[in-house]
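Both backbone and side-chain heavy atoms feed into the values below; hydrogens, waters and symmetry mates do not. Within every chain, numbering begins at 1; the chains are lettered A, B, ... in the order of the sequence lines, protein sequences first and strands thereafter.
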Number of protein chains: 2
Amino acid sequence: MSNPAAERARRKAAAEHALRSRGLPLTVQRRRLLERFLGAKDHPTAEMIYRDVAPLIPGLSHATVYRTLETLVDLGLARRLPHPGGDVRYDPRLERHHHLLCEACGAVRDYASSRLDALPFPDVSAAFETLDYTVLFRGRCAACRTPRSRRG
Amino acid sequence: MSNPAAERARRKAAAEHALRSRGLPLTVQRRRLLERFLGAKDHPTAEMIYRDVAPLIPGLSHATVYRTLETLVDLGLARRLPHPGGDVRYDPRLERHHHLLCEACGAVRDYASSRLDALPFPDVSAAFETLDYTVLFRGRCAACRTPRSRRG
DNA sequence: CTCCGTGCAAAAGGTTTGCACTGGT
DNA sequence: ACCAGTGCAAACCTTTTGCACGGAG
(Lines give C-alpha, C1' and ligand atoms only; values in the text may rest on other atoms or scores of the structure.)
Protein backbone atom coordinates (compact mmCIF):
# COMPACT_ATOMS: atom_id res chain seq x y z
CA MET A 1 0.00 0.00 0.00
CA SER A 2 2.97 2.29 0.42
CA ASN A 3 4.45 1.50 -2.99
CA PRO A 4 5.98 4.87 -3.85
CA ALA A 5 5.46 4.68 -7.60
CA ALA A 6 1.85 3.57 -7.26
CA GLU A 7 1.20 6.18 -4.64
CA ARG A 8 2.63 8.89 -6.85
CA ALA A 9 0.53 7.75 -9.79
CA ARG A 10 -2.58 7.77 -7.65
CA ARG A 11 -1.89 11.27 -6.37
CA LYS A 12 -1.19 12.52 -9.85
CA ALA A 13 -4.43 11.06 -11.20
CA ALA A 14 -6.34 12.62 -8.32
CA ALA A 15 -4.71 15.99 -8.93
CA GLU A 16 -5.40 15.88 -12.67
CA HIS A 17 -9.01 15.02 -11.96
CA ALA A 18 -9.30 17.90 -9.51
CA LEU A 19 -7.98 20.31 -12.13
CA ARG A 20 -10.20 18.99 -14.92
CA SER A 21 -13.32 19.00 -12.78
CA ARG A 22 -12.82 22.71 -12.25
CA GLY A 23 -12.30 23.34 -15.92
CA LEU A 24 -8.62 24.09 -15.46
CA PRO A 25 -6.47 22.98 -18.42
CA LEU A 26 -3.81 20.36 -17.91
CA THR A 27 -0.82 21.93 -19.55
CA VAL A 28 2.59 20.43 -20.06
CA GLN A 29 3.92 22.76 -17.37
CA ARG A 30 1.40 21.55 -14.82
CA ARG A 31 2.00 17.92 -15.65
CA ARG A 32 5.75 18.20 -15.13
CA LEU A 33 5.31 20.24 -11.99
CA LEU A 34 2.92 17.69 -10.55
CA GLU A 35 5.36 14.91 -11.35
CA ARG A 36 8.10 16.77 -9.52
CA PHE A 37 5.99 17.87 -6.61
CA LEU A 38 3.50 15.17 -5.72
CA GLY A 39 5.14 12.56 -3.56
CA ALA A 40 8.11 14.84 -2.88
CA LYS A 41 9.63 14.51 0.54
CA ASP A 42 11.85 17.56 0.39
CA HIS A 43 9.22 20.19 1.21
CA PRO A 44 10.44 22.31 -1.68
CA THR A 45 10.35 26.05 -2.30
CA ALA A 46 9.04 27.38 -5.59
CA GLU A 47 12.63 27.98 -6.64
CA MET A 48 13.64 24.36 -5.96
CA ILE A 49 10.80 23.18 -8.16
CA TYR A 50 11.70 25.67 -10.85
CA ARG A 51 15.29 24.42 -10.90
CA ASP A 52 14.19 20.83 -11.32
CA VAL A 53 11.44 21.37 -13.87
CA ALA A 54 12.98 24.11 -16.00
CA PRO A 55 15.39 21.76 -17.84
CA LEU A 56 12.38 19.73 -19.02
CA ILE A 57 10.47 22.74 -20.36
CA PRO A 58 12.47 25.25 -22.41
CA GLY A 59 11.52 28.81 -21.51
CA LEU A 60 9.64 27.92 -18.35
CA SER A 61 8.82 31.02 -16.35
CA HIS A 62 9.21 31.47 -12.63
CA ALA A 63 5.75 33.02 -12.58
CA THR A 64 4.20 29.79 -13.82
CA VAL A 65 5.73 27.83 -10.98
CA TYR A 66 4.62 30.33 -8.34
CA ARG A 67 1.12 30.55 -9.80
CA THR A 68 0.71 26.81 -10.16
CA LEU A 69 1.76 26.12 -6.60
CA GLU A 70 -0.74 28.64 -5.27
CA THR A 71 -3.40 27.07 -7.46
CA LEU A 72 -2.66 23.71 -5.88
CA VAL A 73 -3.01 25.25 -2.43
CA ASP A 74 -6.31 26.84 -3.42
CA LEU A 75 -7.60 23.50 -4.69
CA GLY A 76 -6.54 21.80 -1.48
CA LEU A 77 -3.94 19.65 -3.24
CA ALA A 78 -0.98 21.13 -1.39
CA ARG A 79 -0.26 23.01 1.76
CA ARG A 80 2.13 25.74 2.78
CA LEU A 81 4.49 24.28 5.35
CA PRO A 82 5.18 26.17 8.59
CA HIS A 83 8.88 26.99 8.53
CA PRO A 84 11.06 29.54 10.31
CA GLY A 85 12.73 30.67 7.09
CA GLY A 86 11.85 33.57 4.86
CA ASP A 87 10.73 31.56 1.85
CA VAL A 88 7.55 29.59 1.26
CA ARG A 89 7.76 25.80 1.38
CA TYR A 90 5.12 23.46 0.03
CA ASP A 91 4.03 20.04 1.25
CA PRO A 92 2.12 17.64 -0.99
CA ARG A 93 1.12 15.41 1.93
CA LEU A 94 -2.35 16.26 3.17
CA GLU A 95 -2.75 13.62 5.88
CA ARG A 96 -1.83 14.53 9.42
CA HIS A 97 1.86 14.03 10.00
CA HIS A 98 4.76 15.66 11.83
CA HIS A 99 8.13 17.19 11.12
CA LEU A 100 11.74 17.29 12.21
CA LEU A 101 13.23 20.67 11.44
CA CYS A 102 16.98 21.21 11.36
CA GLU A 103 17.78 24.66 12.71
CA ALA A 104 21.19 24.67 11.07
CA CYS A 105 20.29 23.95 7.44
CA GLY A 106 16.52 24.40 7.39
CA ALA A 107 15.83 20.89 6.10
CA VAL A 108 12.52 19.31 7.05
CA ARG A 109 11.92 15.58 7.44
CA ASP A 110 8.59 13.91 7.94
CA TYR A 111 8.00 12.06 11.18
CA ALA A 112 5.21 9.53 11.63
CA SER A 113 3.75 8.67 15.03
CA SER A 114 0.31 7.27 15.68
CA ARG A 115 0.50 8.61 19.22
CA LEU A 116 1.11 12.15 17.98
CA ASP A 117 -1.73 11.73 15.50
CA ALA A 118 -4.18 11.38 18.38
CA LEU A 119 -3.70 14.60 20.31
CA PRO A 120 -6.75 16.51 21.54
CA PHE A 121 -7.83 19.64 19.71
CA PRO A 122 -7.49 22.89 21.67
CA ASP A 123 -10.27 23.76 24.06
CA VAL A 124 -11.07 27.22 22.69
CA SER A 125 -13.87 26.36 20.30
CA ALA A 126 -15.48 29.77 20.23
CA ALA A 127 -12.30 31.68 19.52
CA PHE A 128 -10.69 29.37 17.00
CA GLU A 129 -11.95 26.71 14.63
CA THR A 130 -9.25 24.07 14.50
CA LEU A 131 -8.93 22.07 11.29
CA ASP A 132 -5.80 20.05 11.92
CA TYR A 133 -2.39 20.24 13.55
CA THR A 134 1.21 19.22 13.17
CA VAL A 135 3.97 18.71 15.71
CA LEU A 136 7.19 20.45 14.80
CA PHE A 137 10.38 19.18 16.40
CA ARG A 138 13.36 21.50 16.14
CA GLY A 139 16.94 20.36 16.47
CA ARG A 140 19.88 19.28 14.33
CA CYS A 141 19.97 16.72 11.57
CA ALA A 142 22.75 14.15 11.29
CA ALA A 143 24.53 16.05 8.51
CA CYS A 144 24.68 19.27 10.50
CA ARG A 145 25.91 17.50 13.63
CA THR A 146 28.85 16.02 11.76
CA PRO A 147 31.91 18.30 12.09
CA ARG A 148 32.98 17.75 8.49
CA SER A 149 30.64 19.21 5.89
CA ARG A 150 29.29 21.69 8.37
CA ARG A 151 27.15 24.38 6.82
CA GLY A 152 26.90 27.25 9.30
CA MET B 1 4.11 35.47 38.90
CA SER B 2 2.31 36.20 35.65
CA ASN B 3 2.23 39.94 36.22
CA PRO B 4 2.80 41.22 32.68
CA ALA B 5 4.67 44.39 33.61
CA ALA B 6 6.96 42.61 36.06
CA GLU B 7 7.52 39.82 33.59
CA ARG B 8 8.45 42.27 30.86
CA ALA B 9 10.85 44.09 33.19
CA ARG B 10 12.46 40.80 34.16
CA ARG B 11 12.91 39.77 30.53
CA LYS B 12 14.32 43.16 29.62
CA ALA B 13 16.84 43.04 32.45
CA ALA B 14 17.87 39.54 31.42
CA ALA B 15 18.26 40.62 27.81
CA GLU B 16 20.30 43.68 28.72
CA HIS B 17 22.54 41.55 30.89
CA ALA B 18 23.00 39.05 28.06
CA LEU B 19 24.07 41.84 25.72
CA ARG B 20 26.42 43.48 28.22
CA SER B 21 28.05 40.21 29.22
CA ARG B 22 29.03 39.72 25.60
CA GLY B 23 30.42 43.21 25.31
CA LEU B 24 27.59 44.35 23.05
CA PRO B 25 26.61 47.99 23.59
CA LEU B 26 23.13 48.85 24.77
CA THR B 27 22.08 51.54 22.35
CA VAL B 28 18.89 53.54 22.36
CA GLN B 29 17.73 51.55 19.34
CA ARG B 30 18.21 48.25 21.11
CA ARG B 31 16.46 49.48 24.24
CA ARG B 32 13.37 50.59 22.35
CA LEU B 33 13.32 47.45 20.26
CA LEU B 34 13.54 45.26 23.35
CA GLU B 35 10.69 47.19 24.95
CA ARG B 36 8.56 46.61 21.89
CA PHE B 37 9.54 43.00 21.36
CA LEU B 38 9.99 41.31 24.71
CA GLY B 39 6.66 40.21 26.08
CA ALA B 40 4.99 40.71 22.70
CA LYS B 41 2.21 38.30 21.88
CA ASP B 42 1.82 39.21 18.24
CA HIS B 43 4.74 37.19 16.84
CA PRO B 44 5.87 40.19 14.83
CA THR B 45 7.82 40.48 11.62
CA ALA B 46 10.80 42.83 11.40
CA GLU B 47 8.62 45.28 9.52
CA MET B 48 5.96 45.31 12.24
CA ILE B 49 8.61 46.14 14.80
CA TYR B 50 10.09 48.81 12.57
CA ARG B 51 6.69 50.46 12.18
CA ASP B 52 6.16 50.59 15.93
CA VAL B 53 9.66 51.68 16.94
CA ALA B 54 10.48 54.11 14.14
CA PRO B 55 8.27 56.93 15.50
CA LEU B 56 10.27 56.83 18.74
CA ILE B 57 13.66 57.04 17.03
CA PRO B 58 14.03 59.60 14.24
CA GLY B 59 15.99 58.16 11.32
CA LEU B 60 15.79 54.56 12.45
CA SER B 61 17.00 52.24 9.74
CA HIS B 62 15.37 49.00 8.65
CA ALA B 63 18.78 47.40 8.70
CA THR B 64 19.11 48.03 12.41
CA VAL B 65 15.87 46.24 13.13
CA TYR B 66 16.76 43.24 10.98
CA ARG B 67 20.26 43.06 12.45
CA THR B 68 19.12 43.42 16.03
CA LEU B 69 16.50 40.71 15.72
CA GLU B 70 19.05 38.29 14.30
CA THR B 71 21.40 39.22 17.12
CA LEU B 72 18.70 38.30 19.62
CA VAL B 73 18.24 34.96 17.90
CA ASP B 74 21.99 34.34 17.98
CA LEU B 75 22.07 35.13 21.69
CA GLY B 76 19.18 32.78 22.34
CA LEU B 77 16.87 35.60 23.42
CA ALA B 78 14.39 35.11 20.60
CA ARG B 79 13.35 32.44 18.17
CA ARG B 80 12.18 32.40 14.59
CA LEU B 81 8.62 31.18 14.58
CA PRO B 82 7.56 28.46 12.13
CA HIS B 83 4.97 30.07 9.85
CA PRO B 84 3.61 29.28 6.40
CA GLY B 85 4.08 32.83 5.16
CA GLY B 86 6.94 34.32 3.20
CA ASP B 87 8.23 36.60 5.91
CA VAL B 88 10.14 35.87 9.10
CA ARG B 89 8.27 36.08 12.40
CA TYR B 90 9.93 36.30 15.77
CA ASP B 91 8.82 34.94 19.13
CA PRO B 92 10.22 36.29 22.41
CA ARG B 93 8.87 33.35 24.41
CA LEU B 94 11.50 30.69 24.91
CA GLU B 95 9.61 28.20 27.06
CA ARG B 96 7.80 25.36 25.38
CA HIS B 97 4.38 26.45 24.21
CA HIS B 98 2.01 25.95 21.30
CA HIS B 99 0.26 27.97 18.62
CA LEU B 100 -3.03 28.53 16.89
CA LEU B 101 -2.47 29.67 13.33
CA CYS B 102 -5.22 31.33 11.31
CA GLU B 103 -4.92 30.25 7.70
CA ALA B 104 -6.96 33.20 6.52
CA CYS B 105 -5.06 36.13 8.02
CA GLY B 106 -1.81 34.51 9.20
CA ALA B 107 -2.24 35.58 12.81
CA VAL B 108 -0.67 33.40 15.48
CA ARG B 109 -1.97 33.01 19.03
CA ASP B 110 -0.22 31.22 21.84
CA TYR B 111 -1.87 28.16 23.30
CA ALA B 112 -0.89 26.68 26.65
CA SER B 113 -1.49 23.05 27.54
CA SER B 114 0.39 21.06 30.13
CA ARG B 115 -0.66 17.89 28.37
CA LEU B 116 0.89 19.04 25.11
CA ASP B 117 4.02 20.08 27.00
CA ALA B 118 4.66 16.45 27.92
CA LEU B 119 4.86 14.73 24.55
CA PRO B 120 7.63 12.19 23.91
CA PHE B 121 10.58 13.21 21.80
CA PRO B 122 10.91 11.41 18.46
CA ASP B 123 12.52 8.01 18.49
CA VAL B 124 15.22 8.71 15.90
CA SER B 125 18.08 9.70 18.16
CA ALA B 126 20.88 8.86 15.75
CA ALA B 127 19.41 10.76 12.83
CA PHE B 128 18.20 13.85 14.62
CA GLU B 129 19.04 15.60 17.85
CA THR B 130 15.78 17.04 19.13
CA LEU B 131 16.00 20.19 21.25
CA ASP B 132 12.34 21.08 21.68
CA TYR B 133 9.02 21.09 19.87
CA THR B 134 5.85 23.03 19.36
CA VAL B 135 2.37 21.95 18.32
CA LEU B 136 0.89 24.08 15.57
CA PHE B 137 -2.88 24.05 15.17
CA ARG B 138 -4.14 25.45 11.89
CA GLY B 139 -7.64 26.78 11.41
CA ARG B 140 -9.57 30.05 11.46
CA CYS B 141 -9.62 32.71 14.10
CA ALA B 142 -12.84 34.31 15.31
CA ALA B 143 -12.32 37.48 13.27
CA CYS B 144 -11.84 35.55 10.02
CA ARG B 145 -14.91 33.39 10.67
CA THR B 146 -17.10 36.46 11.03
CA PRO B 147 -18.63 37.38 7.64
CA ARG B 148 -18.23 41.13 8.22
CA SER B 149 -14.66 42.38 8.33
CA ARG B 150 -13.46 39.41 6.35
CA ARG B 151 -9.90 39.74 5.13
CA GLY B 152 -9.34 37.17 2.40
C1' DC C 1 40.30 55.22 22.81
C1' DT C 2 38.39 51.20 20.67
C1' DC C 3 34.86 48.57 18.84
C1' DC C 4 30.59 47.83 17.55
C1' DG C 5 26.26 49.80 15.98
C1' DT C 6 23.90 52.70 13.00
C1' DG C 7 22.23 55.04 8.84
C1' DC C 8 22.25 55.18 4.18
C1' DA C 9 21.88 53.40 -0.19
C1' DA C 10 22.50 49.82 -3.15
C1' DA C 11 22.05 45.09 -3.99
C1' DA C 12 20.14 40.64 -3.61
C1' DG C 13 16.49 37.44 -3.34
C1' DG C 14 11.84 36.02 -3.45
C1' DT C 15 7.16 36.87 -5.16
C1' DT C 16 3.51 39.29 -7.70
C1' DT C 17 1.41 41.60 -11.59
C1' DG C 18 -0.04 43.46 -16.47
C1' DC C 19 -0.13 42.38 -20.98
C1' DA C 20 0.04 40.07 -25.39
C1' DC C 21 0.09 35.54 -27.10
C1' DT C 22 -0.26 30.43 -26.98
C1' DG C 23 -2.51 26.36 -26.11
C1' DG C 24 -5.90 23.15 -23.81
C1' DT C 25 -10.67 21.81 -24.01
C1' DA D 1 -13.83 29.51 -30.55
C1' DC D 2 -13.29 30.38 -25.63
C1' DC D 3 -11.12 30.88 -21.68
C1' DA D 4 -7.38 30.04 -18.83
C1' DG D 5 -2.29 29.53 -18.81
C1' DT D 6 2.13 31.08 -20.06
C1' DG D 7 6.29 33.96 -20.87
C1' DC D 8 8.30 38.14 -20.28
C1' DA D 9 9.63 42.04 -17.88
C1' DA D 10 8.75 45.22 -14.57
C1' DA D 11 7.31 46.11 -10.08
C1' DC D 12 7.13 45.09 -5.33
C1' DC D 13 8.45 43.48 -0.91
C1' DT D 14 11.61 41.58 2.31
C1' DT D 15 16.20 41.00 3.72
C1' DT D 16 21.28 41.61 3.27
C1' DT D 17 25.58 44.10 2.58
C1' DG D 18 29.53 47.81 2.24
C1' DC D 19 31.01 51.84 3.93
C1' DA D 20 31.71 56.12 6.64
C1' DC D 21 30.33 58.13 10.82
C1' DG D 22 28.92 58.33 15.71
C1' DG D 23 28.19 56.59 20.23
C1' DA D 24 28.64 53.06 24.13
C1' DG D 25 31.87 51.02 27.13
Ranking dT15(D), dT6(D), dT6(C) by distance to the side chain of T64(A), first place goes to dT6(D)

**Message:** So, OP1 or OP2 of dG23(D): does either fall under 4.0 Å of a side-chain N or O from Q29(B)?
**Reply:** no

Whole-Å distance, R32(A) CZ to dG23(C) P, equals 15 Å

By nearest-nucleotide position on DNA chain C, the 5'-leaning member of V28(B) and E47(A) is V28(B)

Here the distance between atom P of dT6(C) and atom CG of L69(B), to the nearest Å, is 11 Å

Practice item. For the pair R79(B) and E103(A), find out whether any cationic side-chain nitrogen is under 4.0 Å from an anionic carboxylate oxygen. Key: no

Rounded to whole Å, CG of L24(B) lies from C1' of dG23(D) at a distance of 15 Å

From CG of D74(A) across to P of dG5(D) the rounded distance in Å is 11 Å

P25(A) has its side chain closest, among dG5(D), dG7(C), dT15(C), to dG5(D)

Worksheet item: Touch check for G86(B), heavy atoms < 4.0 angstrom, all strands: base, sugar-phosphate only, or nothing?
Response: nothing

Practice prompt. Return yes if the base of dG7(D) and the side-chain atoms of R67(A) contain a donor-acceptor N/O pair under 3.5 Å, otherwise no.
Written response: yes

Requested in this report: Examine dT15(D): is either OP1 or OP2 under 4.0 Å from a nitrogen or oxygen in the side chain of Y66(B)? Give yes or no.
Outcome: yes

Between D52(A) and the options R32(A), E35(A), R36(A), the side-chain contact (heavy atoms from CB on, under 4.5 Å) test singles out R36(A)

Atom CZ of R89(A) and atom P of dG13(C) are separated, to the nearest Å, by 16 Å

Between CD of E70(A) and P of dG14(C) the distance, given in whole Å, is 16 Å

Comparing G23(B) with T45(B), nearest DNA chain D nucleotide closer to 5' gives the residue T45(B)

Distance check: side-chain N/O of T68(B) vs OP1/OP2 of dG5(C), anything under 4.0 Å?
no

Of L26(A) and Y90(A), the one whose nearest nucleotide on DNA chain C sits closer to the 5' end is Y90(A)

From NE2 of H62(B) across to C1' of dA12(C) the rounded distance in Å is 16 Å

- Item | Common cluster, L131(A)/F121(A), ILVMFWY with side-chain heavy-atom separation under 4.5 Å | no

side-chain hydrogen bond (donor to acceptor under 3.5 Å, both in side chains) test vs R96(B) passes for just one of T134(B), D117(B), D132(B), namely D132(B)

Here the distance between atom P of dT25(C) and atom NE2 of H17(A), to the nearest Å, is 14 Å

From the candidates dG5(D), dC8(C), dA24(D), the one with an atom nearest any side-chain atom of A63(B) is dC8(C)

Out of dT15(D), dG5(C), dT6(D), minimum distance to the side chain of A46(B) belongs to dT15(D)

Checking H97(A), H83(A), H99(A) against H43(A) for ring pair (Phe, Tyr, Trp, His ring centres under 6.0 Å), the one that qualifies is H99(A)

**OP:** Measure up the H62(B) and Y50(B) rings against each other and bin them: parallel (under 30°), tilted (30 to 60°), perpendicular (over 60°).
**Re:** parallel

Winner on side-chain proximity to R20(B), out of dG7(C), dT25(C), dG25(D), is dG25(D)

